[in-house]
**Student:** 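Before we start, here is the structure in question, set down as structure tokens.
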Amino acid sequence: MGQPAYDYNYNGITLGQAVRRPAPQPERRPDLRVEQGGKAAISPLRAMMQHGVQILALGLLAGLSVALLFSEARIVELSGDIRQAKAALISAQSQNDYYTTTLNVQSSISNVESVAGRLGLMKIDDSQITYIRLDDQSVLTRRESAVEKWTDTLQAGVTSLLRTMDPPADAE
């Protein structure tokens, strides 16, 4: 016979026999040394301060949470108030429109003329107008600048003061 295509007895292993491989060896770690020192022990005062800060932070967080909830509740309440105010505004605008329309109808020229006719009122006649003329002393003039107003006030005060100082001529 010739040479077999596959040798079942390779490395002295026969069929049905398990192949043994050497177990993997763990890497060798360096030996650890324990030295004195390390994390220093916390003093009771420092531990109390740390706990106090933690409690303060939790209290602050709780306070912010309560404030957030309160503000949300206030927003909901104010939103309801805004809706009520808008409803009242719409009602008032509707009533204003009604009153404006009623006023326009009642004050229209045809309505006024019909009421005037029922009451016996007549249109004004040009002969009923009387014009009057005022003399120059009865006319008021308006000054333009603040300086002129101030000087007029000062002049009126001085004139009033002089009148009180001088006795009237017919008193003698």
Side-chain angles (χ1 to χ4, degrees), residues 29 32 34-35 37-172:
R29 294 185 183 169
L32 297 177
V34 177
E35 290 185 6
K39 186 174 182 182
I42 299 176
S43 69
L45 179 64
R46 187 171 174 108
M48 188 171 65
M49 291 292 290
Q50 283 182 351
H51 290 300
V53 168
Q54 290 173 350
I55 290 172
L56 183 65
L58 286 175
L60 184 63
L61 184 63
L64 288 175
S65 299
V66 168
L68 179 67
L69 290 174
F70 179 74
S71 66
E72 289 295 324
R74 187 74 177 140
I75 287 172
V76 168
E77 180 182 338
L78 290 176
S79 296
D81 291 347
I82 288 171
R83 280 193 299 276
Q84 289 176 352
K86 281 183 180 180
L89 176 66
I90 290 171
S91 174
Q93 285 175 339
S94 174
Q95 193 172 14
N96 183 37
D97 291 344
Y98 170 74
Y99 288 148
T100 302
T101 304
T102 304
L103 179 67
N104 287 339
V105 166
Q106 290 182 356
S107 64
S108 68
I109 191 70
S110 61
N111 195 19
V112 170
E113 287 176 351
S114 68
V115 170
R118 276 188 278 143
L119 294 175
L121 301 175
M122 297 181 342
K123 288 186 178 181
I124 192 166
D125 187 14
D126 288 339
S127 64
Q128 295 173 325
I129 299 175
T130 306
Y131 294 99
I132 59 171
R133 285 197 182 263
L134 298 176
D135 56 355
D136 291 338
Q137 294 177 353
S138 300
V139 177
L140 296 176
T141 58
R142 183 174 181 209
R143 304 284 182 193
E144 294 294 323
S145 70
V147 174
E148 290 176 351
K149 288 181 185 178
W150 184 78
T151 55
D152 287 348
T153 305
L154 185 63
Q155 181 184 3
V158 169
T159 305
S160 174
L161 184 64
L162 289 176
R163 279 190 207 145
T164 58
M165 294 176 119
D166 289 337
D170 42 333
E172 291 177 3

**Student:** To the nearest 0.5 Å, tell me how far Met49 CE sits from Ser43 OG.
**Tutor:** 10.0 Å
**Student:** Quick one: does any side-chain atom of Ser91 pair with a main-chain N or O of Ala87 as donor and acceptor, under 3.5 Å?
**Tutor:** no
**Student:** What distance separates Ile90 CD1 from Gln95 CD, expressed to the nearest 0.5 Å?
**Tutor:** 14.0 Å
**Student:** Look up atom OG in Ser94 and atom OH in Tyr99, then write down how far apart they are to the nearest 0.5 Å.
**Tutor:** 10.0 Å
**Student:** When you measure from the side chain of Ser79 to the backbone N and O of Ile75, does any donor-acceptor pair fall under 3.5 Å?
**Tutor:** yes
**Student:** Under the side-chain contact (heavy atoms from CB on, under 4.5 Å) rule, what do Leu68 and Ser71 come out as? Steps first, then yes or no, please.
**Tutor:** CA-CA 5 Å; Leu68 179 67; Ser71 66; 4.2 Å; yes
**Student:** Working to the nearest 0.5 Å, report the span between OG1 of Thr159 and CG of Asp152.
**Tutor:** 10.0 Å
**Student:** Taking only residues two or more places apart in sequence or in another chain, which ones pass side chain to side chain donor-acceptor pair (under 3.5 Å) with Glu77?
**Tutor:** Arg74
**Student:** Taking side-chain hydrogen bond (donor to acceptor under 3.5 Å, both in side chains) as the cut-off, I'd like each qualifying pair that reaches into residues 106-122, sequence neighbours left out, listed once.
**Tutor:** none
**Student:** Quick check on side chain to side chain contact (heavy atoms under 4.5 Å, CB included): which of Leu103, Asn96, Thr102 does Thr100 satisfy it with?
**Tutor:** Asn96
**Student:** Check step by step if side-chain contact (heavy atoms from CB on, under 4.5 Å) holds for Asp81 and Gln84.
**Tutor:** CA-CA 5 Å; Asp81 291 347; Gln84 289 176 352; 4.1 Å; yes
